[in-house]
A.B. asks: 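Before I ask anything, here is the structure I am working with.
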Amino acid sequence: MTIATSRTLDSLDGRIILALDKDPEASALALSRTLGVARNTVHARLARLERSGALRSFSRRLDPAALGYELMAFLSLSISQTRTGSVENGLAAIPEVIEVHATTGDADLMAKVVARGTADLYRITNEILEIDGIERTSTAISILELMPPRYDGLISRLSEQESSATS
């Protein structure tokens, strides 16, 4: 399991990310012109954001339905605390498990899973149950995504905070 490291972004990072959100194919030169910042500064910032992991892979923007995975479910997993390594490796080996979080409460882990339909979800759930250390699962199927993941409001707030601090 990868544990996120602390990455502090500043207002320029936020402005670059917002500009990339509007035009994902923008070059460093185009971004520098849009933002009124030197091209080398934009290039260096982009490289740092990628190296630090603040900018994630492009594939994370893909809609799973475009790949034929129209069903999304959230599985609460109860695990044997002595088998966390085998559980993490087992979940990572299942491509349909697209996200896993360690949680508090009744479940130890929450897995976000995509499937081609209910029969496929049944297959995936059984595959998860075969992982050494998984004791029990509980499944909730998403019937409609009301709000997709979004970060633009947080990024805008970051940009505005530093802009207002310098005013």
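In what follows, residues are counted from 1 in the order of the sequence shown.
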A.B. asks: Are any non-hydrogen side-chain atoms of L77 and E135 less than 4.5 angstrom apart?
C.D. replies: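 Counting from C-beta outward, L77 and E135 never come under 4.5 Å.
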A.B. asks: So, the side chain of D108 versus the backbone of I79: is there a donor-acceptor pair under 3.5 Å, distance only?
C.D. replies: yes
A.B. asks: Consider side chain to side chain contact (heavy atoms under 4.5 Å, CB included). Of K112, R123, R116, which one does E96 pass it with?
C.D. replies: R123
A.B. asks: I'd like to know if R45 pairs up with D10 as an ion pair, taking the criterion as any Lys NZ or Arg NE/NH1/NH2 lying under 4.0 Å from an Asp or Glu carboxylate oxygen.
C.D. replies: yes
A.B. asks: Do you reckon Y122 sits in the same ILVMFWY cluster as I94, going by side-chain contacts under 4.5 Å, direct or chained?
C.D. replies: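 Different clusters: Y122 never reaches I94 through Ile, Leu, Val, Met, Phe, Trp or Tyr contacts under 4.5 Å.
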A.B. asks: Do I141 and V100 belong together in a cluster built from hydrophobic side chains that touch within less than 4.5 Å?
C.D. replies: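 Both belong to a single hydrophobic cluster.
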A.B. asks: Does atom CZ of R48 have more than 12 heavy-atom neighbours, drawn from other residues, nucleotides or ligands, at distances under 6.0 Å?
C.D. replies: yes
A.B. asks: To the closest 0.5 Å, what do you measure between OG1 (T137) and CG (L109)?
C.D. replies: 12.0 Å
A.B. asks: Is the backbone N or O of I17 less than 3.5 Å from a side-chain atom of D21, with the two atoms forming a donor-acceptor pair by type?
C.D. replies: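 Looks like no, no N/O pair under 3.5 Å.
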A.B. asks: With no hydrogens and no angle check, is any side-chain donor or acceptor of T41 less than 3.5 Å from a backbone partner on V37?
C.D. replies: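 Not at all, since once roles are kept as given, no pair shorter than 3.5 Å links the two residues.
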A.B. asks: The test is side-chain contact (heavy atoms from CB on, under 4.5 Å); show your working for E25 and D23 and say whether it passes.
C.D. replies: CA-CA 5 Å; E25 296 179 14; D23 183 4; 4.0 Å; yes
A.B. asks: Between I134 and I131, is any pair of side-chain heavy atoms under 4.5 Å apart?
C.D. replies: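 Side-chain contact under 4.5 Å: yes.
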A.B. asks: If you count every heavy atom of other residues, nucleotides or ligands that lies below 6.0 Å from D106 atom CG, does the total exceed 12?
C.D. replies: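 At most 12 heavy atoms, drawn from other residues, nucleotides or ligands, come within 6.0 Å of this atom.
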